[in-house]
Every structure is written in C-alpha cells, then in structure tokens.
Chemist: 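Here's a structure for you.
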Amino acid sequence: MKKPLLLILLLLCTALHAGDRRLVRIHLEHPQEIRALQAMGLDLVSRRSGAFVDAVLSPAEEARLQSKGLRIEPLGSPAALAKTKTALSGDMGAYHTWQELGDELAALAESYPDIMRLTSIGRSVEGREIWAVKLSDHPDLEEEEEAEVLLTAAIHA
C-alpha cells in the first residue's frame, strides 16, 4: 500500500452496568462542557464535538446533570440496555472460530470474485493464516490513485 489513507476502526466492547442505567444524549451548549463531563467519570460512549455526548447513566447521574442545566434526551431504556448486555455476554454474540471466519471469507470471495480478493498476508505466532480482503471494482489491480481504507476487525484483546 503506497500513500494509503488509513481509517482504523477499533472495535471496543464495553461491559454495560446492570440496573436501571440507560443510554442518553447530553446536548452541549458550550464546547468546554465536554471536559466537565469527562472529569465526572461518566460512562461516555460517543460524541459529536460541540453538539452532544452519548452516555450510559444512572438516574442519579441524570438528575445531577439536569440540575446543572444540561438537556438530556433518552436514547434507550433500561430494558434495551439489559438486552444489549445479554447480547454482549459470553461469546459476545458475534465471535466465531478462526476456521469459521476463514470459511466465511473464502465463501464471500468465491461468490463475489469481480469485487473481492482474499489474500493471506502471513501467519500468526500460532501458525494461522492472516487474511486480508480487498474490495474494489478491480480487485486484482493495484491502482495508485485509488483511495484506501484499512478496517481491522474480528480481534479482541
């Protein structure tokens, strides 16, 4: 990859707390409010700079923020968070074996040869193939001027 434009997506899984916590959007009036929220040790999950912060809050945390004049919009109920927590437990609902992942990638490459190329880029310390997928209108050509994106997935710490 020469002159790559890299976008690395880190897939982080955060355990959600049990109880009556819920996902909310905290609307920001001033950009400096984000620092105050970070200093409070809240469970912040995403943000749009200067506009809002999404967080998983307890009723006490919500009340404290509302008493400071912050506008809070519910995005999820405690039941929805409990469902999400259940989905994230155990095998996280999405982890597959190395063999299953390789088989799925091979099947996709076989089904879509005009847009997908599957390549081994080496072996792991365990001797397993490290697969790379190229999606393009010309997957077998190296086009210098074509934008590139790197997605790192199916991994965990």
Side-chain angles (χ1 to χ4, degrees), residues 1 3-109 111-112 115-116 118 121-126 128-136 146-157:
M1 289 182 179
K3 302 178 194 173
L5 169 64
L6 298 180
L7 171 64
I8 299 173
L9 298 179
L10 301 176
L11 303 178
L12 302 174
C13 295
T14 303
L16 298 175
H17 302 285
D20 52 359
R21 298 169 62 85
R22 67 179 180 168
L23 181 63
V24 299
R25 177 158 291 162
I26 305 164
H27 295 275
L28 304 175
E29 296 292 325
H30 307 286
Q32 65 271 20
E33 289 174 325
I34 184 67
R35 288 189 186 101
L37 294 172
Q38 290 169 329
M40 294 173 74
L42 301 173
D43 187 0
L44 305 178
V45 295
S46 67
R47 71 177 177 168
R48 175 171 288 159
S49 187
F52 63 81
V53 175
D54 294 338
V56 178
L57 301 178
S58 68
E61 291 168 327
E62 282 188 51
R64 186 171 63 178
L65 293 177
Q66 287 172 331
S67 73
K68 294 179 181 286
L70 293 168
R71 186 168 61 94
I72 297 176
E73 172 189 357
L75 297 177
S77 67
L81 279 180
K83 184 177 178 182
T84 301
K85 183 179 179 186
T86 300
L88 293 177
S89 64
D91 68 357
M92 304 293 285
Y95 283 112
H96 300 282
T97 67
W98 176 85
Q99 186 64 50
E100 289 170 335
L101 175 64
D103 292 346
E104 183 67 22
L105 290 173
L108 287 169
S111 297
Y112 303 100
I115 62 167
M116 181 176 170
L118 179 63
I121 58 171
R123 292 193 173 270
S124 72
V125 295
E126 296 171 331
R128 298 176 180 174
E129 297 286 347
I130 300 171
W131 297 112
V133 172
K134 180 178 180 182
L135 298 175
S136 173
E146 191 169 62
E148 297 177 358
V149 176
L150 171 66
L151 303 176
T152 304
I155 63 170
H156 60 90

Chemist: Just how far is it from atom CD of E148 to atom OG of S136, taken to the nearest 0.5 Å?
Modeler: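 Going from CD on E148 over to OG on S136, the span is 10.0 Å.
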
Chemist: Please give me the minimum heavy-atom distance between L118 and A109, naming the atom from each residue.
Modeler: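 Looking at all heavy atoms of both residues, the shortest contact is CB-CB, 3.9 Å.
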
Chemist: Hey, could you give me the CZ/CZ distance between R123 and R128, rounded to the nearest 0.5 Å?
Modeler: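 Result: 11.5 Å between the selected atoms.
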
Chemist: Quickly, which of D43, V56, L57 forms a side chain to side chain contact (heavy atoms under 4.5 Å, CB included) with L23? Name it, please.
Modeler: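 That would be V56; it is the only one of D43, V56, L57 passing the side chain to side chain contact (heavy atoms under 4.5 Å, CB included) with L23.
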
Chemist: Where is the tightest heavy-atom contact between D54 and R25, given as atom of each residue plus distance?
Modeler: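 Nearest pair, atom of D54 first, then R25: OD1-NE, 2.8 Å.
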
Chemist: Is there a side-chain contact between E33 and I26 (heavy atoms, below 4.5 Å)?
Modeler: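 E33 does not reach I26 side chain to side chain.
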
Chemist: Working note: E62 + R22, criterion side-chain contact (heavy atoms from CB on, under 4.5 Å); need CA distance, chi angles, decisive distance, verdict.
Modeler: CA-CA 10 Å; E62 282 188 51; R22 67 179 180 168; 2.8 Å; yes

Chemist: Can you confirm whether E29 is buried at CD, in the sense that more than 12 heavy atoms of other residues, nucleotides or ligands lie under 6.0 Å from that atom?
Modeler: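 No, the 6.0 Å shell around CD holds no more than 12 heavy atoms from other groups.
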
Chemist: My understanding is that only residues two or more places apart in sequence, or in another chain, count here; which of them pass side-chain contact (heavy atoms from CB on, under 4.5 Å) with Q66?
Modeler: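 Once residues adjacent in sequence are excluded, the partners of Q66 under the side-chain contact (heavy atoms from CB on, under 4.5 Å) criterion are I72.
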
Chemist: If you apply the rule side-chain contact (heavy atoms from CB on, under 4.5 Å), what do you find for L65 with L42, and how did you get there?
Modeler: CA-CA 11 Å; L65 293 177; L42 301 173; 3.9 Å; yes

Chemist: Identify the two heavy atoms, one from L70 and one from H27, that lie closest to each other, and give their separation to 0.1 Å.
Modeler: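 Where L70 meets H27 most closely, the heavy atoms are CD2-O, 4.1 Å.
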
Chemist: Work out which heavy atom in A55 is nearest to a heavy atom in L44; give both atom names and the distance.
Modeler: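 For A55 versus L44, the nearest heavy atoms are CB-CD2, 3.7 Å.
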
